[in-house]
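To start, the structure under review is shown below, and the notes come after it.
These numbers come from the heavy atoms of this one structure, side chains and all, not from hydrogens, waters or symmetry mates.
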Amino acid sequence: MAPVDSPDQDKLSYDDLSRLCAELQDRVTRGISTQQQLISIKNELDEELNRFKIIQDFSKEGLFQDSIEGFATVATEYFIQAFQQPHCLFAECRDDGALQVIGQFGFNNSVIPSVLPLASEDLPKREGFLLGEHPAFKAKLAFLQLEDALVAPMYRPDNSFYGLVVSGQQKADQRFYDPINPKDRHAFTVMATKASYLMYNFRTNELLKQEIRERRRMEQMLEAKANDLLRSNAELEQFAYVVSHDLKAPLRNVQGFADLLRRDQSGISPVSREYINMIWEEVKRFSDIIDALLRYARVSTSSIQDMKEVDFQQLVYKIEGQLSLTLQQRKAQLKYQNLPTVQANYRQMQQLLQNLIINAIKFTPEGRMPFIHLEAEPTQNGYRFAVKDNGIGLRSADQKRIFGLFQRADREQQFEGNGLGLSICKKIVEQHKGKIWVESVGPGEGSTFFFTLPSRQSEE
């Protein structure tokens with residue numbers, strides 16, 4: 001039979017109980033410590049989440065300020081709210097490098113200059129820091145009377161210095177506020193970076209708004225000038241009609257009487273007949289000049305409604321038919337192929353090409369068969385046309401002058417003309433937003449007239 005254990009054998013000794021109590025107390029102590037650590041971590045997380053929410057709210061409100069001063073005021077209020085400090089100053093770096101104070105809060109008893117006596121090289125760090133840890137920098141901000149503060153520089157996206165934000169407490173505030181936590185430097189830097197980003201966006205938007213306002217003002221000015229130009233062109237065309245009628249009426253009378261005198265040969269000496277012929281020729285030339293001026297005045301700014309797709313191959317074919325008699329009489333050759341289709345004013349394009357082709361024929365010396373070659377090549381925005389001839393050629397000094405009103409090259413004086421044909425060509429091309437010029441090796445070497453046209457005419 002097995003022996004029965006006595007009750008005393010299950011009892012723990014005093015030492016065992018003491019050890020168990022010590023272990024239990026240690027576990028309770030560690031549990032309380034862990035709980036306190038968890039509470040502390042939770043409080044820190046809550047504080048960080050609260051700051052994150054404040055930064056998010058600042059981002060939203062900061063975007064919709066009407067002025068940089070309003071933005072800076074909002075920024076200082078949010079920095080104070082996020083870091084629980086009673087004073088805050090916001091400064092922006094101007095183009096000349098000066099730190100301009102654009103916002104402040106809580107410095108009622110301090111005299112703060114509008115420009116801080118600081119430069120970017122005075123900053124001890126590129127990230128946030130405690131003012132109390134840098135006595136030399138603190139001395140430069142002595143007028144703020146801060147015992148300690150969080151300080152962070154701000155930078156543009158290109159990494160250039162953009163400003164400064166300071167938030168802290170004066171000596172009198174230390175009775176009511178906890179000391180600044182060095183751990184807050186990182187969060188302060190993050191918020192300063194956000195402020196810098198928002199301020200940069202604000203300034204960029206401000207410049208864009210200013211540019212838009214300036215562009216609108218310029219558009220209004222251009223619209224007004226365009227209206228004035230249209231009105232002026234209409235008045236000019238009307239004036240040209242009136243002048244043409246009023247001038248040509250007496251000219252027709254003079255020409256008519258001179259014609260009668262030319263037919264009546266009785267009692268008129270040879271010298272008088274020569275004078276009468278000269279009068280008739282001059283009157284005719286004057287009448288031709290008036291007609292040319294009228295054509296020049298009619299080349300007004302074309303509206304979009306006047307534009308259509310012009311097939312230059314078919315257009316030159318039509319002009320060739322119209323000038324067939326002149327081409328046959330001078331035994332002239334007109335070569336062209338693969339010409340493009342361009343949006344333009346059909347009537348003006350016909351006038352332009354006809355003038356250039358007739359000029360090429362007219363300014364080819366007698367005894368030489370005129371040869372005119374017309375071609376076009378594509379450019380970045382349209383086409384460059386070339387009308388090449390084997391005529392009298394031009395000196396370099398005449399190559400720009402001949403496009404002016406009544407301007408002719410010296411050698412052209414022996415040929416008929418009034419110096420308005422190329423002026424009309426220039427006006428037509430420029431109204432189609434193109435350019436016209438001439439190139440020539442020299443007298444007797446022929447000329448090539450170039451002009452450019454865009455593929456399509458804009459509505460501006």
Side-chain angles (χ1 to χ4, degrees), residues 211-212 214-216 218-234 236-237 295-320 322 334-360 372-389 394 399-405 407 420-440 447-460:
E211 185 178 339
I212 289 171
E214 183 65 19
R215 185 171 295 180
R216 285 177 179 169
M218 292 300 297
E219 286 176 354
Q220 290 172 352
M221 288 178 57
L222 288 174
E223 186 177 354
K225 287 185 178 295
N227 292 333
D228 290 342
L229 183 60
L230 289 174
R231 184 169 58 253
S232 176
N233 283 337
L236 176 62
E237 192 166 349
R295 288 195 299 273
Y296 183 82
R298 282 173 176 166
V299 183
S300 57
T301 303
S302 302
S303 64
I304 296 300
Q305 287 76 17
D306 297 325
M307 301 293 177
K308 64 179 183 179
E309 298 295 328
V310 177
D311 185 339
F312 276 76
Q313 188 74 14
Q314 292 297 322
L315 177 58
V316 178
Y317 179 76
K318 179 180 178 180
I319 294 172
E320 185 179 25
Q322 294 171 339
L334 177 60
K335 300 293 183 182
Y336 58 95
Q337 62 181 4
N338 300 326
L339 297 180
T341 297
V342 177
Q343 189 184 57
N345 181 295
Y346 184 89
R347 182 180 59 82
Q348 291 186 357
M349 291 300 103
Q350 182 177 2
Q351 188 176 9
L352 167 66
L353 291 176
Q354 191 166 302
N355 280 0
L356 292 176
I357 293 171
I358 289 174
N359 268 11
I372 306 104
H373 183 233
L374 201 156
E375 61 182 5
E377 63 179 31
T379 61
Q380 184 176 0
N381 299 317
Y383 291 90
R384 187 188 74 167
F385 292 80
V387 181
K388 184 177 183 180
D389 64 54
L394 289 165
Q399 291 176 16
K400 289 185 179 179
R401 188 168 61 85
I402 58 173
F403 291 101
L405 285 170
Q407 297 295 319
L420 280 170
L422 290 177
S423 300
I424 293 173
C425 292
K426 182 174 184 289
K427 191 172 184 182
I428 289 172
V429 171
E430 288 179 350
Q431 286 178 356
H432 282 75
K433 300 179 179 63
K435 295 181 180 180
I436 186 169
W437 70 97
V438 63
E439 294 179 4
S440 176
S447 304
T448 303
F449 284 83
F450 296 95
F451 65 91
T452 61
L453 293 174
S455 298
R456 302 193 67 82
Q457 296 293 319
S458 65
E459 297 184 7
E460 296 179 0

Requested in this report: Please step through side chain to side chain contact (heavy atoms under 4.5 Å, CB included) for the pair Phe312 and Leu453, ending with a clear verdict.
Outcome: CA-CA 12 Å; Phe312 276 76; Leu453 293 174; 3.8 Å; yes
**Report entry** Test side-chain contact (heavy atoms from CB on, under 4.5 Å) applied to Asn345 and Gln431, Gln351, His432, the passing residue
**Finding:**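 Exactly one candidate clears the test, His432.
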Requested in this report: Using side chain to side chain contact (heavy atoms under 4.5 Å, CB included) as the criterion, list what pairs up with Ile358, not counting sequence neighbours.
Outcome: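 With neighbours one apart ignored, the set is Leu323, Gln354.
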Report task. Not counting sequence neighbours, which residues clear side chain to side chain contact (heavy atoms under 4.5 Å, CB included) with Glu439? List them please. Result ->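 In terms of side chain to side chain contact (heavy atoms under 4.5 Å, CB included), with neighbours along the sequence ignored, Glu439 is linked to Trp437, Phe450.
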Report summary line: Residues at least two apart in sequence or cross-chain that pass ring pair (Phe, Tyr, Trp, His ring centres under 6.0 Å) with Phe449, listed by chain then number, are none
Indicate the atoms forming the closest heavy-atom contact of [X] with [Y], along with that distance.
| X | Y | answer |
| --- | --- | --- |
| Gln348 | Ile428 | O-CD1, 3.5 Å |
| Asp311 | Leu339 | OD1-O, 4.5 Å |
| Thr452 | Val429 | O-CG1, 3.8 Å |
| Gln337 | Gln313 | C-OE1, 3.5 Å |
| Ala344 | Met349 | CB-CG, 3.6 Å |

Requested in this report: Any chance you could lay out the side chain to side chain contact (heavy atoms under 4.5 Å, CB included) test for Glu223 and Glu219, step after step, and finish with the verdict?
Outcome: CA-CA 6 Å; Glu223 186 177 354; Glu219 286 176 354; over 6 Å; no
Query raised in the report: Yes or no on side chain to side chain contact (heavy atoms under 4.5 Å, CB included) for Val387 and Asn359, after CA distance, side-chain angles and deciding distance?
Result: CA-CA 10 Å; Val387 181; Asn359 268 11; over 6 Å; no
**Report entry** Those residues that, when tested against Glu430, pass salt bridge (charged side-chain N to carboxylate O under 4.0 Å, His left out) (two or more places apart)
**Finding:** Lys426
Taking only residues two or more places apart in sequence or in another chain, which ones pass side-chain hydrogen bond (donor to acceptor under 3.5 Å, both in side chains) with [X]?
| X | result |
| --- | --- |
| Glu211 | Arg215 |
| Glu320 | Tyr336 |
| Asp228 | Arg231 |
| Gln220 | none |

Interatomic spacing from [atom1] in [X] to [atom2] in [Y] - rounded to 0.5 Å:
| X | Y | atom1 | atom2 | result |
| --- | --- | --- | --- | --- |
| Ile402 | Leu422 | CD1 | CG | 5.0 Å |
| Leu334 | Ile357 | CG | CD1 | 5.0 Å |
| Leu353 | Ile372 | CG | CD1 | 12.5 Å |
| Phe385 | Glu375 | CZ | CD | 11.0 Å |

Query raised in the report: Distance-only, no hydrogens or angles: does the Ser423 side chain make a donor-acceptor pair with backbone N or O of Phe403 under 3.5 Å?
Result: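 Yes.
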Report task. Report yes or no: does Ser447 contribute a side-chain atom to a donor-acceptor pair with the main-chain N or O of Ser440 at less than 3.5 Å? Result -> no
Query raised in the report: Does a sphere of radius 6.0 Å around OH in Tyr346 hold more than 12 heavy atoms from other residues, nucleotides or ligands, not counting ones at 6.0 Å or beyond?
Result: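 Count over threshold, so yes.
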Query - All pairs passing side-chain hydrogen bond (donor to acceptor under 3.5 Å, both in side chains) where residues 377-389 contributes a residue, at least two apart - result: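 Of all non-adjacent pairs touching residues 377-389, those that pass side-chain hydrogen bond (donor to acceptor under 3.5 Å, both in side chains) are Glu377-Arg384.
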Report task. May I ask you to test the Lys318-Gln314 pair for a side-chain heavy-atom distance under 4.5 Å? Result -> no
